[in-house]
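Below is one structure, written out as structure tokens; comments come after it.
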Amino acid sequence: MPIETKTTCPYCGVGCGVIARVDDDGAVSVKGDPDHPANFGRLCSKGSALAETIDLDGRLLHPEIDGRQAGWDEALDLVAQRFSGAIAEHGPDAVAFYVSGQLLTEDYYVANKLMKGFIGSANIDTNSRLCMSSSVAGHRRAFGSDTVPGTYEDLELADLVVLAGSNLAWCHPVLYQRLAAAKAARPGMKVVVIDPRRTMTADIADLHLAIRPDGDVALFNGLLAHLAKSTAIDENYLAMHTQGFAEAFATASSMTFTELMDRTGLGASGLRQFFGLFERTEKVVTCYSQGVNQSSSGTDKVNAILNCHLATGRIGRPGMGPFSLTGQPNAMGGREVGGLANMLAAHMAIECAADRNRVQRFWASPRIAVRPGLKAVDLFDAVADGRIKALWIMATNPVVSMPDAAAVEAAIKACPFVVVSDVLKTTDTARHAHVLLPSLGWGEKDGTVTNSERRISRQRPFLRAPCEARADWWQLSEVARRMGFAGFGYAAPAEIFDEHAELSAFENNGSRDFDIGAYVGLDRESYRTLPPFQWPAPANGIKASASNTTGGGGKEEKARRFFADGGFYHPDGRARFVAVTPAQTDRTSTDYPFTLNTGRIRDQWHTMTRTGKSARLSAHIAEPFAELHPRDAIEIGVGNAALVELKSPHGKTIVRALITDRQTRSNIFVPMHWNDQFASRARIDTLVPPLTDKVSGQPASKNVAVSAQPFAASFYGFAVSVAKPATPQADYWALARADGGWRIELAFATEVVDWTAWCRDTFALSPDVEPLGYADRQTGDLRLAFLDGDRLLAALFLAREPVAVARNWAVSQLSAEHGNLRKRFTLVAGRPGAGISDPGATVCSCFSVGVNQIVAAVRGGCHTVEAVGKEINAGTNCGSCRAEIRGIIDGCLTAAAE
Ligand SMILES: Nc1nc2c(c(=O)[nH]1)N[C@H]1C(S)=C(S)[C@@H](COP(=O)(O)OP(=O)(O)OC[C@H]3O[C@@H](n4cnc5c(=O)[nH]c(N)nc54)[C@H](O)[C@@H]3O)O[C@H]1N2
Ligand SMILES: Nc1nc2c(c(=O)[nH]1)N[C@H]1C(S)=C(S)[C@@H](COP(=O)(O)OP(=O)(O)OC[C@H]3O[C@@H](n4cnc5c(=O)[nH]c(N)nc54)[C@H](O)[C@@H]3O)O[C@H]1N2
Ligand code: SF4
Ligand SMILES: [Mo]
């Protein structure tokens, strides 16, 4: 009998419910949970491909010490001994944890408790520093607490949705689909996208404002100044529930309209249109994500946005409010347990003596951290200069994701003692660990996560823990016990959740937003079956501060939003306007004239340790790229599909040029995903300086001065291989999973003397496998295919120009039979033979439909996304590719009309 388990997607902060099914033969499949209130059955491409990422390939299955397999006892004893030793010798601030929004709340709770309550330092920071800390800081400045006031439903109820620095279509795809469906049902609804790039999200926008990098404070200041002169201001709300409007208004209105145009890079008509829309529309939601947070002015951007919602009283009512979109599955849970170096558990403040005292009493801990600890960038600085003697990294890959990544790597390498808990054995970070601890992955781990709308859902196990892998909370508790600390005798995650819930309610009485007292005392069975719920959920049913009486909505709704009637968490109950001044962001360096912007693509997750395992996901975009404006490409002399070298004072990378008019001039976008396992030189954070927002400490990952020039390749190559290739000897390489094996993009600055020998080395081919070859001396084209009987083992296509071979066709040859000579000849010809069509680059990863197939459908008369879907299925499952399909249709129809 197949067994179905309800759980939660481990990727983005939308937090979709997933039903995982394990068949009798062990095969796993997933589908969306129709009952989950985040997604109502939908999943995006990444969620749909979850079953393809849970194999044991590359998994860390046993503890290791200095590269040798060790027992758990030995490894845990060593960790405890080294941490205790460092503390005894140098004090508690000589050790640090660097953890992650991908931990479950239960893991996170234990890590924070151990560091802040028992070790007595606040040197625990998390990758949320790189992600949400500007939002946290902005919320705390304005609201007195880190509260997300609204719910997902607000995006559907709004008449205007503003997306600032959010590529919702690719990064929160199911929420985007909910928005797109609401807009389709109610076409009067407007969407404004504020992003220097015309992303796929802009596809549903009525207005796209291609803002200058970091022009957001100026833009929202301009909006505030505009609103203040209109009737949109809610005088009553201002008077009753806020403070500081006059100063914020004075600062905002000190800018002339010309200055505003200059700082935002936007024209008068776009600005007026946006301001007018915002002014006239009461039901407005402003969503913001990394284009806002990841900036040296990130916190000010957040407050500039919050100011506009506070001034109009458009907050906490159905269809209204600012909405910080969280990235990771448990970014919110991490904030709830106080996982950041400047927070305390359960939304209490480390700076507040009464809060510290309360938490210490609750934990019965011997001590409590008395001041904020080191924030991520400072923390790795302290590792670099030797202040940190022992470091534990858990569920994050800082060698790829931290700014100044090469320096971070050097710091980790030089640290006397580094523990890494991960699911994989060889990540860019894990390879430098003294002790490697095998953690449970998705499908094995057991606990809770909180999504962007404050909804707590269970991640449930449906697979047996492989070999010796153990839960992160267990690893932490065992080390705590071995360091001699009481209070870590947890037998199961339910016990940790219970303690966490109890702390949230402890001496709370409505004084803190985070209260899940209603869930104290769950027994194991109730925890096992716990349905998704939203906080606040206090024990006595009086919802903390959620005194929404305005704006209608049923009883349920009243409980789910904050601040419609004030009730902020500053001591006087009032929100604060923050007067914010736009930062100066002009590029002055002639050596580094371009602005590098970094972020995400649809089908990869972060440093690719999981999504990189799926051939289907890797087929969407199979190599690292730089999005360049066509005129910039001409100026620097880079042709399409050529390679481009990007440099900053911190490092250098080589990636593929993708020339597109979706990009703004002088801007270059490169994805953050590629690491040293998948590409020769594409760790983009090696270029990013360790520059941070002064309030939040969040790195500015989106506005980096770089130079760009063509990479002079004398040969370009493309290869497919059944076996995973060895690290290719090439100046550029990018590796991706493909059906039946691997695909590799290559480039060489100089010619290789013996290509056959190169292939043998790279693809581990035995000497008796003879190549089938074709060479054209005139053009320099060379093709080599290695076969074992009628099976292809590897093929290499080389040319002096970017290789034009049809990629998906070449990949399909790995699984094809090459019984006759004609088929073999087609192989080295490097293109489909007559009568065989090439699907082209994958657009729809659910049904593996390529661009050429979509073009053919359009030419065949399908002129809408729906019609294409009917004809060839593309876009009909998760829908993540619908914007791209629409783009292809538009392109074909425009071309036909010209
Ligand atoms: N497919 C996929 N989805 C993911 C993730 C993933 O790795 N892959 N990661 C998850 C995580 S942890 C996070 S944090 C979220 C991030 O989700 P998003 O924030 O939506 O994603 P990003 O691509 O980082 O950046 C968003 C946009 O900000 C724009 N931007 C850059 N500079 C500026 C600026 O100065 N102003 C404005 N207004 N916009 C600017 C960029 O052009 C980019 O399109 O995604 C989550 N979802
Ligand atoms: N330039 C640039 N840099 C960025 C960003 C950007 O936009 N631009 N975005 C930043 C943001 S928003 C984020 S969130 C970070 C993300 O950056 P990271 O957190 O470094 O990225 P991940 O690849 O998610 O790393 C997670 C690691 O934990 C492992 N893992 C997965 N599940 C578990 C588990 O349950 N337990 C344990 N112990 N390990 C597990 C994975 O194998 C992987 O090695 O990157 C940041 N860096
Ligand atoms: S939108 Fe996609 S990645 Fe995000 S939680 Fe849902 S299925 Fe997972
Ligand atoms: Mo993130």
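Residue indices begin at 1 and follow the sequence shown. As the structure lists them, so they are numbered: ligands from 1, and atoms in each ligand from 1.
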Closest non-hydrogen protein atom to atom 36 (N) of ligand 1, residue and atom name please, with distance?
Asp216 OD1, 2.8 Å
Could you check which of Gln102, His606, Lys301, Arg198 puts a non-hydrogen atom nearest to atom 12 (S) of ligand 1?
His606
Side chain, backbone, both or neither: which part of Trp170 comes within less than 4.0 Å of ligand 1 when only heavy atoms are counted?
backbone
Is Arg212 close to ligand 1, meaning an N/O of one under 3.5 Å from an N/O of the other?
no
Would you say Ile601 touches ligand 1, if touching means a heavy atom closer than 4.0 Å?
yes
Ligand 2 versus Asp685: contacting region, heavy-atom distance under 4.0 Å:
side chain
Can you report which non-hydrogen protein atom sits closest to atom 39 (N) of ligand 2, along with the distance?
Ala395 CA, 3.2 Å
Which protein heavy atom lies closest to atom 25 (O) of ligand 1, and at what distance to 0.1 Å?
Lys702 CE, 3.2 Å
Is there a donor-acceptor pair under 3.5 Å between the side chain of Arg178 and the backbone N or O of Leu155?
no
Apply salt bridge (Lys or Arg N to Asp or Glu O under 4.0 Å) to the pair Glu478 and Arg470, showing each step before the final yes or no.
CA-CA 11 Å; Glu478 282 297 313; Arg470 300 296 304 256; over 6 Å; no
Short N/O distance, under 3.5 Å, between Asp214 and ligand 1?
yes
Please report whether ligand 2 has a polar contact with Leu440, defined as an N or O pair separated by less than 3.5 Å (distance criterion only).
yes
Atom 9 (N) of ligand 1: the protein heavy-atom neighbour that sits closest, reported with distance to 0.1 Å
Arg600 NE, 2.8 Å
Considering the heavy atoms of Asp472, write down every atom of ligand 2 situated less than 4.0 Å from one of them.
34 (C), 35 (O), 36 (N), 37 (C), 38 (N)
Identify, for atom 26 (C) of ligand 1, the protein heavy atom at the shortest distance, and state residue, atom and that distance.
Gly165 O, 3.4 Å
Is His673 touching ligand 1 with its side chain, its backbone, both, or neither, if touching means heavy atoms under 4.0 Å apart?
side chain
Options Gln328, Met132, Gln604, Arg602, ranked by nearest heavy atom to atom 8 (N) of ligand 1, top entry
Gln604
Note: ligand 1 atoms sitting under 4.0 Å from heavy atoms of Ile194 are 37 (C), 38 (N), 39 (N)
Taking N or O atoms only and a 3.5 Å limit, does Phe669 qualify as a polar contact for ligand 1?
no
Consider every N or O of Thr598 and every N or O of ligand 1, then say whether any pair is closer than 3.5 Å.
no
Grab the two heavy atoms, one from Ala679 and one from Trp674, that are nearest each other, plus how far apart they are.
CB-CD1, 4.0 Å
So which protein heavy atom does atom 19 (O) of ligand 2 come closest to, and at what separation?
Asn127 ND2, 2.7 Å
Atoms of ligand 2 under 4.0 Å from any heavy atom of Cys131, numbered from 1 in the order shown, are 12 (S), 14 (S)
Flag for Thr105-Asn330: side-chain donor and acceptor within less than 3.5 Å
yes
Can you check whether Asp195 has an N/O within less than 3.5 Å of an N/O in ligand 1?
yes
Quick one: sort the Phe669 and Phe625 rings into parallel, tilted or perpendicular, breaks at 30° and 60°.
tilted
Counting both backbone and side chain atoms, is some N or O of Val292 under 3.5 Å from an N or O of ligand 1?
no
Distance only, no hydrogens: is a donor on one side chain within 3.5 Å (strictly under) of an acceptor on the other, for Trp605 and Gln102?
yes
Hey, is ligand 1 close enough to Trp605 that some N/O pair sits below 3.5 Å?
no
Residues Ala331 and Thr326: closest non-hydrogen pair is CB-CB, 3.9 Å
Does some non-hydrogen atom of Met672 fall short of 4.0 Å from ligand 1?
no
Winner among Ala331, Cys171, Ser295, Pro196 once heavy atoms are compared against atom 3 (N) of ligand 1:
Cys171
